[in-house]
Novice: 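Take this structure first; my questions come after.
Naming: A, B, ... by sequence-line order, numbering from 1 per chain.
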There are 2 protein chains.
Amino acid sequence: MSSSSQRVLAVVRRQILNGERVPGEKITEVGIAAEMDVSRTPTRTALATLAAEGLIEKRSGRGFTVRSISSSDVEKSIAVRAALEALAARTMAENGMPKSAEDALLKSIAFTERVLDADEPDPDYMDGYQEANILFHETIMYQCGNDLIAHAYERIAMLPLAALGSLAFDRTNPRRELKRLTVGHSQHIIIFDAIKKRDAARAEAMMREHSHATLNYADLFVKRIYETSSADRLEAAANE
Amino acid sequence: MSSSSQRVLAVVRRQILNGERVPGEKITEVGIAAEMDVSRTPTRTALATLAAEGLIEKRSGRGFTVRSISSSDVEKSIAVRAALEALAARTMAENGMPKSAEDALLKSIAFTERVLDADEPDPDYMDGYQEANILFHETIMYQCGNDLIAHAYERIAMLPLAALGSLAFDRTNPRRELKRLTVGHSQHIIIFDAIKKRDAARAEAMMREHSHATLNYADLFVKRIYETSSADRLEAAANE
DNA sequence: GATCTTAACTTTGGATACAAAATCTGGTTC
DNA sequence: GAACCAGATTTTGTATCCAAAGTTAAGATC
């Protein structure tokens with residue numbers, strides 16, 4: 001879309017998700033506009049989008065405040081994502097798998113297999129694994145034949161861990177993580193197989209289970225967001 | 001929110017859903033602003049919202065066009081709604097039913113019962129039935145304990161028949177319709193019972209089935225929207 | 001007559017100005 | 001000390017202006 005408003009949107013969203021803007025922090029059109037050195041017009045559209053995404057909350061007459069993202073919020077977003085992804089898997093199984101989707105899914109599976117077949121988990125491959133994982137989930141969500149599923153999903157997509165194929169690695173225990181990825185990979189294969197065979201019920205059930213697996217890592221993820229001393233920053237913001 | 005932009009949003013949305021604005025019709029900021037006698041600023045925000053809702057499509061540099069709503073779109077929206085409502089029912093069953101929700105649900109059930117117990121279906125009661133139906137579905141969606149479900153749902157809520165508790169009556173066959181409403185009512189009672197007893201699986205399955213029941217009426221609903229000679233209006237619009 | 005170029009027009013994004021509504025702050029009164 | 005009132009300030013919504021980008025159409029050239 002536009003350059004300025006897109007830039008404001010991207011920057012402020014990143015700041016919120018990185019914890020640079022603390023939950024409860026006040027956000028106003030004029031404030032952001034001055035900070036980013038743009039006028040209120042693009043700022044307004046950006047803030048409206050952020051409010052629609054649920055990252056900030058409108059408080060009539062008192063600007064916006066950064067919404068706090070609790071571990072429970074993350075769990076909720078995963079529940080919604082799981083429901084929509086399960087529906088997408090079922091829908092694709094019912095409609096049949098398009099050729100382009102089959103190519104993408106096979107590519108994702110093949111790549112992941114290579115990563116996991118290595119004797120030692122190579123940290124360099126992790127990014128690739130993540131990419132392949134995202135490809136798998138996005139392919140099903142966006143090519144299932146019902147674009148409204150993705151449309152609804154996009155409303156919550158920017159919340160932490162709600163993003164398709166997002167993974168939180170526990171780097172303190174790589175061997176266990178490798179095991180976990182292997183299980184996830186096997187689920188991908190099952191899902192692919194079920195869709196290919198038009199087994200809608202199996203595809204749906206497996207995808208639901210697979211999406212829910214992320215749940216155990218909600219705490220880990222929230223910790224990462226707020227790991228830096230957000231309490232200090234909140235205090236500083238309050239004293240301004 | 002604001003007066004002007006809200007008015008523009010409401011009016012144009014109604015026009016599109018009523019078929020007064022034909023699919024494919026061109027919509028521009030200046031055009032709507034002049035028509036509604038407001039400036040481009042509130043018009044811009046209203047059109048942005050409509051685009052987010054999916055009722056109009058942005059075509060860069062050439063304004064927006066009214067999106068056509070096919071019978072298949074309606075079916076898709078119902079599938080998404082069913083998935084989200086099923087999740088909401090399950091969530092409420094898991095979390096337990098809040099007192100305010102119980103009151104609302106019982107009120108809806110009691111009212112519907114009165115309508116259906118009449119010997120002859122009274123057309124005047126239909127509005128009341130509709131209201132009670134909406135109350136039932138909205139209560140579960142908005143009080144289930146996961147606000148993100150409603151958040152995702154709102155992205156598709158304005159599509160025809162996707163609205164919670166929307167019903168399309170076939171007035172040519174009132175006796176059959178009465179039978180249908182009776183079945184729907186029995187499902188409400190089962191859903192209430194399942195949630196009350198914390199039977200999440202049953203609540204989810206029943207709600208899924210219940211939401212899908214609307215599917216058979218998708219054709220009927222699309223016909224109603226485009227029943228007037230929309231082809232003529234499209235031609236007229238093209239010739240302008 | 002076809003194609004390329006250019007000029008006018010449309011459309012949108014952004015900046016600024018103004019007014020209204022709401023909130024905050026300070027002082028005054030009881 | 002608490003409550004209320006009024007002015008100052010913040011915040012937001014709308015209008016208008018300007019510029020950039022893209023689209024359309026007409027005319028020139030081959």
Novice: Within the modelled atom types, does a donor on one side and an acceptor on the other bring the side chain of B:Arg62 and the base of D:dG22 under 3.5 Å apart?
Specialist: no

Novice: Could you tell me whether the phosphate oxygens of D:dT14, OP1 or OP2, come under 4.0 Å of any side-chain nitrogen or oxygen in B:Ser5?
Specialist: yes

Novice: Just the rounded figure in Å: distance from P of D:dT14 to CG of B:Leu47.
Specialist: 13 Å

Novice: Would you kindly compare A:Val38 and B:Thr28 by the position of their nearest DNA chain C nucleotide and give the one closer to the 5′ end?
Specialist: B:Thr28

Novice: Select one nucleotide: of D:dT12, C:dG13, C:dT11, the one nearest the side-chain heavy atoms of B:Arg44.
Specialist: C:dG13

Novice: Below 4.0 angstrom, N of the basic side chain to O of the carboxylate: do A:Lys99 and A:Asp103 qualify?
Specialist: yes

Novice: Within less than 4.0 Å of OP1 or OP2 of D:dT10, is there a side-chain N or O belonging to A:Lys26?
Specialist: no

Novice: According to a strict under-4.0 Å criterion, is A:Ser39 in side-chain N/O contact with OP1 or OP2 of C:dG14?
Specialist: no

Novice: Does B:Arg40 contact C:dG13 through a side-chain donor or acceptor facing the base, at a distance under 3.5 Å?
Specialist: yes

Novice: Quick one: does any side-chain atom of B:His151 pair with a main-chain N or O of B:Asn146 as donor and acceptor, under 3.5 Å?
Specialist: no

Novice: Can you tell me how far P of C:dG14 sits from CG of A:Leu9, to the nearest Å?
Specialist: 12 Å

Novice: For residues 27-38 of chain A, pull every pair meeting side chain to side chain donor-acceptor pair (under 3.5 Å), keeping only residues two or more places apart or in separate chains.
Specialist: A:Arg21-A:Glu35, A:Glu29-A:Arg40, A:Glu29-A:Arg44

Novice: Atom CD of B:Glu29 and atom P of D:dT14: how far apart are they, to the nearest Å?
Specialist: 14 Å

Novice: Tell me every residue that passes salt bridge (Lys or Arg N to Asp or Glu O under 4.0 Å) with A:Arg208, counting only those two or more places apart in sequence or in another chain.
Specialist: A:Glu204, B:Glu204

Novice: Expressed in angstrom and rounded to an integer, what is the separation of B:Phe64 atom CZ from C:dT10 atom P?
Specialist: 18 Å

Novice: Just how far, in rounded Å, is C1' of C:dT10 from CD1 of B:Ile27?
Specialist: 16 Å

Novice: In whole angstrom, what separates B:Gln6's CD from D:dT12's P?
Specialist: 15 Å

Novice: Below 30° counts as parallel, above 60° as perpendicular, anything between as tilted: where do the rings of A:His137 and A:His188 land?
Specialist: perpendicular

Novice: Is it the case that the base of D:dG22 and the side chain of B:Arg59 share a donor-acceptor contact (distance under 3.5 Å, atom types as modelled)?
Specialist: no

Novice: At less than 4.0 Å, is any side-chain N or O atom of A:Thr41 found next to OP1 or OP2 of C:dA15? Yes or no.
Specialist: no

Novice: Rounded to whole angstroms, how far apart are CD1 on A:Ile32 and C1' on C:dA15?
Specialist: 18 Å

